[in-house]
Amino acid sequence: MMLRVTLSGVESVGKSTMAARLAKHFGGILILEFGRTYTEQLRRNLTLEDHYAIAEGHEIAADQAASASPRLLVEDTDIVMTTAWTTMLFGGRDAILSSRDSRADLHLLLCPDVPFVADKVRMFGDPAERMRFHSIVLEEFAARGLPFVQVEGLWEARWATAVKAIGARL
């Protein structure tokens, strides 16, 4: 039986680093954040249609990895975050994206209680905007009726929480 774990959270909370580390620790397969790769290649602002492509691209990559039947599949975000992004960027929850199901068995939600680190694609470093985005993510989980494990605190505490949550399910 395969366990699908998805890491969610606003920008710069350590999702990518944590996802890679968890996959390595448990001998699982990592699904990189498709949206980041997609966004880095754009030379314009993101559109709603781009988010449809991001959702599709991520699902294709996850399906390809899942076909190997690993014990653990670790996804650096999924449709929950793609939907939250559209709400943050365009001011409303998109019906098409919100109708797509998350396929995760376990959601780890990383909280924005660590310093923001800017880069060329991150947009919401202002503390108030970061917290507004986090609220949108919480609302998206609630709208979908999805439980999650809250991952917060210093890096060591985050790691311990994530490892415990996954270990309990494997």
Side-chain angles (χ1 to χ4, degrees), residues 1-41 46 51 54-85 88 100-125 127 129-131 133-138 140-141 144 146-170:
M1 185 174 116
M2 178 179 66
L3 176 67
R4 289 178 88 128
V5 177
T6 297
L7 281 72
S8 297
V10 300
E11 302 167 299
S12 190
V13 292
K15 295 181 301 293
S16 298
T17 301
M18 175 83 68
R21 191 172 170 202
L22 289 167
K24 182 176 181 181
H25 178 79
F26 287 104
I29 294 179
L30 172 65
I31 306 303
L32 298 173
E33 180 186 4
F34 187 85
R36 181 174 184 83
T37 304
Y38 185 97
T39 302
E40 287 175 341
Q41 296 173 2
L46 284 165
H51 285 85
I54 289 167
E56 187 70 19
H58 181 85
E59 286 184 6
I60 289 168
D63 287 346
Q64 288 172 345
S67 70
S69 300
R71 176 176 164 226
L72 177 67
L73 189 66
V74 181
E75 297 183 64
D76 182 353
T77 77
D78 77 347
I79 193 64
V80 174
M81 283 308 301
T82 304
T83 307
W85 265 101
M88 182 70 177
R100 293 178 92 138
D101 292 331
S102 170
R103 299 180 294 173
D105 301 306
L106 174 63
H107 289 274
L108 302 177
L109 176 59
L110 282 66
C111 295
D113 58 349
V114 293
F116 181 84
V117 178
D119 71 15
K120 64 181 181 178
V121 296
R122 291 183 177 150
M123 299 178 186
F124 301 110
E129 285 295 288
R130 202 169 185 215
M131 290 312 296
F133 195 1
H134 182 66
S135 293
I136 288 170
V137 174
L138 290 171
E140 187 59 33
F141 273 104
R144 291 172 177 272
L146 293 173
F148 58 86
V149 173
Q150 188 164 290
V151 178
E152 60 189 342
L154 298 176
W155 299 113
E156 298 80 20
R158 288 169 178 260
W159 176 251
T161 298
V163 167
K164 182 179 177 183
I166 293 170
R169 300 288 297 270
L170 285 176

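The figures here come from the full heavy-atom set of this structure, side chains too, leaving out hydrogens, waters and symmetry mates.
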**Q** Please identify each residue that fulfils salt bridge (charged side-chain N to carboxylate O under 4.0 Å, His left out) with Asp63, with sequence neighbours left out.
**A** Arg103

**Q** I need the minimum non-hydrogen distance between Lys15 and Leu7, along with the two atoms involved.
**A** O-CD2, 3.5 Å

**Q** Taking side-chain hydrogen bond (donor to acceptor under 3.5 Å, both in side chains) as the cut-off, I'd like each qualifying pair that reaches into residues 107-121, sequence neighbours left out, listed once.
**A** Arg36-Asp119, Ser102-His107, Asp113-Arg158

**Q** Please report the interatomic distance CG(Leu46) to CH2(Trp85), rounded to the nearest 0.5 Å.
**A** 7.5 Å

**Q** Which residues pass the side chain to side chain donor-acceptor pair (under 3.5 Å) test with Glu59, not counting sequence neighbours?
**A** Arg100

**Q** According to salt bridge (charged side-chain N to carboxylate O under 4.0 Å, His left out), who are the partners of Arg4, at least two apart in sequence or on a separate chain?
**A** Glu75

**Q** To check you understand the geometry: which heavy-atom pair defines the closest contact between Met131 and Pro112, and what is its length?
**A** SD-CG, 3.7 Å

**Q** As an exercise, state the distance from OH of Tyr38 to NE2 of His51, rounded to the nearest 0.5 Å.
**A** 9.0 Å

**Q** Measure across Met2 and Asp105 and return the closest heavy-atom pair with its distance rounded to 0.1 Å.
**A** O-OD2, 3.5 Å

**Q** Could you work out, with side-chain contact (heavy atoms from CB on, under 4.5 Å) as the rule, every residue matching Leu170, not counting sequence neighbours?
**A** Leu3, Phe26, Arg71, Ile166

**Q** In the structure I gave you, are the side-chain heavy atoms of Leu109 and Val137 within less than 4.5 Å of one another anywhere?
**A** yes

**Q** Which heavy atom in Ala19 sits nearest to a heavy atom in Asp76, and how many Å separate them?
**A** CB-CB, 4.2 Å

**Q** For Asp78 and Ala104, which heavy atoms make the closest approach, and how far apart are they?
**A** OD2-CB, 4.3 Å

**Q** Is any side-chain heavy atom of Val114 less than 4.5 Å from a side-chain heavy atom of Trp155?
**A** yes

**Q** With rounding to the nearest 0.5 Å, note down the distance linking CD in Glu129 to CE in Met88.
**A** 4.5 Å

**Q** Is there a side-chain contact between Leu138 and His134 (heavy atoms, below 4.5 Å)?
**A** yes

**Q** In Å, rounded to the nearest 0.5 Å, how long is the span from NZ of Lys24 to CG of Leu22?
**A** 12.5 Å

**Q** Does any non-hydrogen side-chain atom of Glu11 lie less than 4.5 Å from one of Arg130?
**A** no

**Q** Could you tell me how the ring of Phe133 sits relative to the ring of Phe124: parallel (under 30°), tilted (30 to 60°) or perpendicular (over 60°)?
**A** perpendicular

**Q** If you round to the nearest 0.5 Å, how far is OG1 of Thr37 from NE2 of His58?
**A** 11.5 Å

**Q** What closest approach, in Å, do Met18 and Ala162 show between heavy atoms, and which atom pair accounts for it?
**A** SD-CB, 3.9 Å

**Q** With a 3.5 Å cut-off and sequence neighbours excluded, list the donor-acceptor pairs that the side chains of residues 146-153 form with protein atoms.
**A**
residue	atom	partner	partner atom	Å
Gln150	NE2	Glu152	OE1	3.2
Gln150	NE2	Glu152	OE2	3.3

**Q** Drop me the distance from Ser16's OG to Leu30's CG, to the nearest 0.5 angstrom.
**A** 8.0 Å

